[in-house]
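Input: a single structure, listed below in structure tokens.
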Amino acid sequence: MDKQNMQINAPHLGTNLTGPPGHIGYSDPQAGYQVPPPDYASPGPVGLPVQYQPVTGHPGGPTQVPWMPAPLPPLNCPPGLEYLTQIDQLLIHQQMELLEVLIGFETNNRYEIKNSLGQRIYFAAEDTDCCTRNCCGPARPFTMKILDNMGREVITLERPLRCASCCFPCCLQEIEIQAPPGVPVGYVTQTWHPCLPKLTIQNERREDVLRISGPCIVCSCCTDIDFEVKSLDEKHVVGKISKHWTGLIKELFTDADNFGIQFPLDLDVKMKAVMLGACFLIDFMFFEMTTK
């Protein structure tokens, strides 16, 4: 990965966001969460930074990157999501795959997920077979496994095979977010529109919570592309998902993208995880090019 893209002092991620007027935080215990299985491990020593934790099972991944210290898990917080309770922004860096650059052979995508201090929070790895990746391209169904600093799978993203054309208002794109794996906490569904990219964030009961609206032309040169996260009536902007410009050479010859996510600090931790899933869906829908 380009080292310059790992710098965190980016001006477009320095703004603290608040909710719309009348916005109420989520400090109270959240109902509806299923208790994880008894054999699920604890998040490790509380408050102790896990510095330079080696990444096992991720060939080619960095071996010396500072990890975010494990905070004290709040009441009824899904295990592994306690990291999200203390942050209002995320940085997602897709790792460059040499095989894709040289011969255009589609490999599983891998991402580093960091906070604004550059500390790694999670590592995301796509789990899709070779035939699906290279036959279906960006429209492929996939399972994305998101691991914490102990190598535990704390979030699972499931994207089914759906229609990739905006001309058909049925069988549109969606992704399911599970935390822990097997326990749905939310969904992101595409809303049909002839011109604009529109998505809806839903809770585990498939009730609409937030809207996502993108620009008419999802293309940029030397600038970022913002997908605004809005209230249900779309009158108030409560966050955004930004695709960052990574440089002309990297944009032309690779599909390794960098993203930033901003959300209110007191947003429901489950909805923060769902916004993370929305970022991956946006990446595959609009920025995952096929180099063949």
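Note that CD of Gln262 and CG of Leu91 are 9.5 Å apart. Values are rounded to the nearest 0.5 Å. Residue Glu158 holds its CD atom at 9.0 Å from CG of Asp127, rounded to the nearest 0.5 Å. Here the CG atom belonging to Asp233 is positioned 10.0 Å from the NZ atom belonging to Lys230, to the nearest 0.5 angstrom. Considering CD1 of Ile121 and CD1 of Ile113, their distance stands at 8.0 Å, rounded to 0.5 Å. Rounding to the nearest 0.5 Å places NE2 of His193 at 13.0 Å from CG of Leu172. Taking OG1 of Thr191 as the reference point, atom CG of Leu196 lies at 11.5 Å (rounded to 0.5 Å).
A pairwise comparison of heavy atoms in Ile87 and Tyr83 identifies CG1-O, 3.8 Å as the closest pair. Contact detail for Pro215 and Ile225: the closest heavy-atom pair is CG-CG2, 3.6 Å. Listed here is the closest heavy atom pair of Thr85 and Cys77: CG2-SG, 4.5 Å. Considering every non-hydrogen atom in both Gln86 and Pro71, the closest pair reads NE2-CB, 3.1 Å. Across every non-hydrogen atom of Lys270 and Pro78, the tightest pair is CE-CG, 4.1 Å. The two atoms that bring Ile92 and Tyr111 nearest to each other are CG2-CD2, 3.7 Å, heavy atoms only.
Put simply, the side chain of Lys145 never gets that close to the backbone of Phe123: no donor and acceptor are under 3.5 Å apart. Remark: side-chain polar atoms of Arg159 are not paired, donor with acceptor, to backbone N or O of Ile175 under 3.5 angstrom.
Between Phe259 and Leu90 the shortest side-chain heavy-atom distance does not fall below 4.5 Å. In this structure, Arg152 and Pro180 have side chains that are not in contact, with every pair of non-hydrogen atoms separated by 4.5 Å or more. Counting heavy atoms from C-beta on, the side chains of Ile146 and Leu276 come closer than 4.5 Å. Within the 4.5 Å cutoff, the side chain of Asn108 has heavy atoms near those of the Arg133 side chain.
The one candidate from Val229, Leu232, Val274, Asn203 that meets the side-chain contact (heavy atoms from CB on, under 4.5 Å) condition with Leu210 is Val229. The residue from Arg206, Glu176, Gln173 that alone fulfils the side-chain contact (heavy atoms from CB on, under 4.5 Å) condition with Thr189 is Arg206.
Applying the side-chain hydrogen bond (donor to acceptor under 3.5 Å, both in side chains) criterion to Asp208, with sequence neighbours excluded, gives Gln202, Arg211. Not counting sequence neighbours, the partners of Ala278 by the side-chain contact (heavy atoms from CB on, under 4.5 Å) test are Val188, Ile212, Ile241. With sequence neighbours excluded, no residue forms a side-chain hydrogen bond (donor to acceptor under 3.5 Å, both in side chains) with Tyr122. Residues satisfying the side-chain hydrogen bond (donor to acceptor under 3.5 Å, both in side chains) test with Glu126, not counting sequence neighbours, are Thr128, Arg140. Listed by chain and residue number, nothing satisfies the ring-ring contact (aromatic ring centres under 6.0 Å, His included) test with Tyr187 (two or more places apart in sequence, or in another chain).
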- Message: Would Met285 and Gln190 count as a side-chain contact (heavy atoms from CB on, under 4.5 Å) here? Give the steps.
- Response: CA-CA 10 Å; Met285 288 178 63; Gln190 182 183 7; 3.8 Å; yes
- Query: Going through the checks in order, is the side-chain contact (heavy atoms from CB on, under 4.5 Å) test met by Met275 and Leu267?
  - Reply: CA-CA 11 Å; Met275 284 185 63; Leu267 183 66; 3.9 Å; yes
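Aromatic rings of Phe142 and Phe284 (six-membered ring for Trp) have centroids within the 6.0 Å cut-off, being under it.
Annotation: cation-pi geometry not satisfied between Lys243 and Phe286 (NZ/CZ under 6.0 angstrom from ring centroid, within 45° of ring axis).
Annotation: salt bridge (Lys or Arg N to Asp or Glu O under 4.0 Å) contacts involving residues 184-198, sequence neighbours excluded, comprise Lys198-Glu234.
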